[in-house]
**Q** 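The structure is given below, and queries will be raised subsequently.
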There are 2 protein chains.
Amino acid sequence: MAAQRTGPNLTKIASALGVSTATVSNALSGKGRVSADLVQKIRQKADELGYVPSNAGRALRTGRSGVLGLVLPDIANPLFPQIAQAMEMAASNNGYGVLIADSRGEVTTQTDAIGRLIERGVDGLIVIPRRGTRIGAVGCPVAMVDTPSTPGNTVSADHWNGGEQIARHLSDLGHKKILLLGNDPASNVQNDRIGGMKAALGHDICHQTIWLEPILRNGGTTASLKLPHLVETGVTAVATVSDLLALRVLTELQTAGFRVPGHVSVTGFDDLIFSPVVTPALTTVHMDMAQIAEIAVVALLAEITGNRAIKTTTPPQKRTVPDTVMADTSRVPMELIIRSSTGPAFPYQTHVPNGETL
Amino acid sequence: MAAQRTGPNLTKIASALGVSTATVSNALSGKGRVSADLVQKIRQKADELGYVPSNAGRALRTGRSGVLGLVLPDIANPLFPQIAQAMEMAASNNGYGVLIADSRGEVTTQTDAIGRLIERGVDGLIVIPRRGTRIGAVGCPVAMVDTPSTPGNTVSADHWNGGEQIARHLSDLGHKKILLLGNDPASNVQNDRIGGMKAALGHDICHQTIWLEPILRNGGTTASLKLPHLVETGVTAVATVSDLLALRVLTELQTAGFRVPGHVSVTGFDDLIFSPVVTPALTTVHMDMAQIAEIAVVALLAEITGNRAIKTTTPPQKRTVPDTVMADTSRVPMELIIRSSTGPAFPYQTHVPNGETL
DNA sequence: AGCGTTTGGTTAATCGATTAATCAATTCCG
DNA sequence: CGGAATTGATTAATCGATTAACCAAACGCT
């Protein structure tokens, strides 16, 4: 896997020291039996020559590329930077590289993206599946990052619990009539978040759930949420399933003359890049991507290294080991981040400042 | 580079058809001389067996991995998804994969990230340099994506021209007093954008430039921009260097009771994911990432494939070919996207609705 | 017919690291 | 002291694709 033109190789080190390449290999990998001082000398020589092992050579021999594939469902998802960074870091810490692939946002299914990665010879896949899709058996271990309620899931944030935390926060602030706003009703993650919210809201609290995507599909991307109307009915808080949605709600309310959190509280999810810098800063729920990534990567690597024996030469026989990896810890807690977009519920009778629409 | 356990290889196809592996290789790559109908038969057999070439084997032999490295300066940059997607797509179209690396946002410099990619054997690098840094000679071709005014730049959007377009737009709307808002004065890109704005503003237009980052460093992340005060002085438009900044300004103004674009017009840059969905939707400038990526990748690949002859066995001698690749087209035009956050300048005497501060 | 050329294909070397199989030299121990 | 176990290192095969060198047969041309 390397364009190691002039680079020194094992043979160079070996001949420089008058030993065999096998010994050099053993010394550097610490596997075979090599005397301590020879190891020392070899290490030194390797450093001196600036030796970098050839991934291609190693991969060819060992059958492992040292590269993991990261499959994103929709790269437009603003959570992507966090995911990519966390995964890259976790993989890197374990000596692996990360090859990315996305479904290009369109018709091309995630199957194609997976296929491309497999062809590139990745040792394993980390898949953030497209809303609710399942992936069939592929030729390598797969770690799925979705939501604990998804079957076959490996690791993810505890979205349900995140929803509970947000709901409890609003409940504590005295909100009695809350609008739950989702985007795509087909998304497992979003359903869990909303499910958690509902579960945490007492019976004395009135709530209504609206899914945006179906509305948008009919009304075009600029379709208004008709929030002012909803607030007139007494809603004092809008709990959304994403900071992006929260931002939309926030600005729409502000434009309509409502004060946040004075008249209406707004919450998001995911703690996206813009969330702390808008005014008011968004109250949201943060997921520990670093931890999730670490767990996913470690579980994946365990499966990869464990699978070595499976390298059968016999024709493909049914494996008892499932493709999808299971991790010890499958759900990582989310953290409530309270900022300025939430506050005490507005006193009973709703006030509509100036009912103008932009 | 592959864990091709049971997968069929060239030998399998060859023996199945009673020919040599060399012939199979030639047939599939179309390089050697093979009769038309034998090519046909080999192709068919390959499909039948589901043959996938081993990257490891190929890489080892050819010295090329078929993988490009993408180095991001700061993954927190919300432009990242667009970049990553565009690069991945461009590379994929050319039969290459993309390995990502970021500087982890901290101390670890981008040099480390580059090093990791080189060690993984990438054939070339696409570097979006950290504000103003230069990268030294590395062992492979590099395409830099920054701004045309940066020495060594390969391709980028024409940020200067983007600034001009925005400024002209505001000028056309009758704005006479404009605040130019940047973030990091050390960024070449941002300087170009602001430079373009200034250049396009006539002498009858008053403007002032403020850099946010230095202010924030002293006042903490929550430091207010004191925008209300500025608006009192007669500013009717704020032209920022990024949608993120624009969003910040927008929400801060709205919270302070100003109307956008009624009282103040706000513009951004980059057309980030949230820009169309906030209210009012942001007027901004869009860069054609797909085109930039395509140019960068093609230029890089040209250098890579052209360099083949350089695979000298002789000791490292000075190369006349520079590491950094140049493309024919180095600047890609930006596109002004007019949405709802800009409008005619507010009539001369500034109106301050309710001077309350959050 | 005889000699050069083209066509179609094979042989074998090669890329670089890994590792099972050996082998030589010590060391151990009853 | 002598056979067994241990230590330290070497040999050579191997992963899979590519490609330079080579060869045989068919063809073309005078």
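In what follows, chains carry the letters A, B, and so on, assigned in the order in which the sequence lines appear, proteins first and then strands, with residues in each chain numbered from 1.
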**Q** On DNA chain D, compare the nucleotides closest to D37(A) and T21(B); which residue's is nearer the 5' end?
**A**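 Result of the comparison: D37(A).
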**Q** Base, sugar-phosphate alone, or nothing: which one does S25(A) contact when heavy atoms must sit under 4.0 Å apart?
**A**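 Base: the residue S25(A), judged by heavy atoms under 4.0 Å, touches a nucleobase.
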**Q** Test your reading of the model: is there a side-chain donor-acceptor pair from T324(B) to the backbone of G152(B), 3.5 Å cut-off?
**A** no
**Q** Which atoms form the tightest heavy-atom contact between E88(A) and V98(A), and what is the distance?
**A** CA-CG2, 3.8 Å
**Q** Under 4.0 Å, heavy atoms only, any strand: does V24(B) hit a base, just the sugar-phosphate, or nothing?
**A**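 Touches nothing.
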**Q** Does S35(B) make a side-chain N or O approach to OP1 or OP2 of dG9(C) shorter than 4.0 Å?
**A**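 S35(B) to dG9(C) OP1/OP2: side-chain N or O found under 4.0 Å.
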**Q** More 5' along DNA chain D: R33(A) or G18(A), using each one's nearest nucleotide?
**A**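 The residue whose closest nucleotide sits nearer the 5' end is R33(A).
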**Q** Could E119(B) and R116(B) be called an ion pair, given the rule that one side-chain N must be under 4.0 Å from one carboxylate O?
**A** no
**Q** Base, sugar-phosphate, or nothing: which does R58(A) touch, judged by heavy atoms less than 4.0 Å apart?
**A** sugar-phosphate
**Q** Expressed in angstrom and rounded to an integer, what is the separation of I13(A) atom CD1 from dG16(C) atom P?
**A**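 So the two atoms are 12 Å apart, to the nearest Å.
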**Q** Of all the choices, dT11(D), dA9(D), dC15(D), which nucleotide is nearest to the side chain of A22(A) once you look at every atom?
**A**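 Nearest listed nucleotide: dT11(D).
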**Q** Which whole-number value in Å describes the distance from N26(B) CG to dT7(C) P?
**A** 15 Å
**Q** I want to check one thing: is the phosphate of dT19(C), taken as OP1 and OP2, less than 4.0 Å away from some side-chain N or O of K31(A)?
**A** yes
**Q** Without swapping roles, check the side chain of N26(B) against the backbone of R33(B) for a donor-acceptor pair under 3.5 Å.
**A** no
**Q** Measure from CG on L10(A) to P on dT18(C) and round the result to the nearest Å.
**A**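 Atom CG in L10(A) sits about 6 Å away from atom P in dT18(C).
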**Q** Could you state the CZ-C1' distance from R61(B) to dT18(D), rounded to the nearest angstrom?
**A**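 Rounded to the whole Å, the gap is 5 Å.
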**Q** How many whole angstroms separate atom CG of L28(B) from atom P of dA17(D)?
**A**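 So the CG-P distance, L28(B) to dA17(D), works out to 9 Å.
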**Q** For the pair made of NZ in K12(B) and P in dC15(D), what is the distance, rounded to whole Å?
**A** 10 Å
**Q** Rounded off to whole Å, could you give me the CD1-to-C1' distance for the I42(A) and dG8(D) pair?
**A**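 Spelled out: CD1 on I42(A) to C1' on dG8(D) is 11 Å.
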**Q** Students often get this wrong, so: under 4.0 angstrom with heavy atoms, is S20(B) touching a base, only sugar-phosphate, or nothing?
**A** base
**Q** Report the residue from V122(A), L125(A), V297(A) that forms a side chain to side chain contact (heavy atoms under 4.5 Å, CB included) with L68(A).
**A** V297(A)
**Q** Atom CG of L17(B) and atom P of dG8(C): how far apart are they, to the nearest Å?
**A** 17 Å
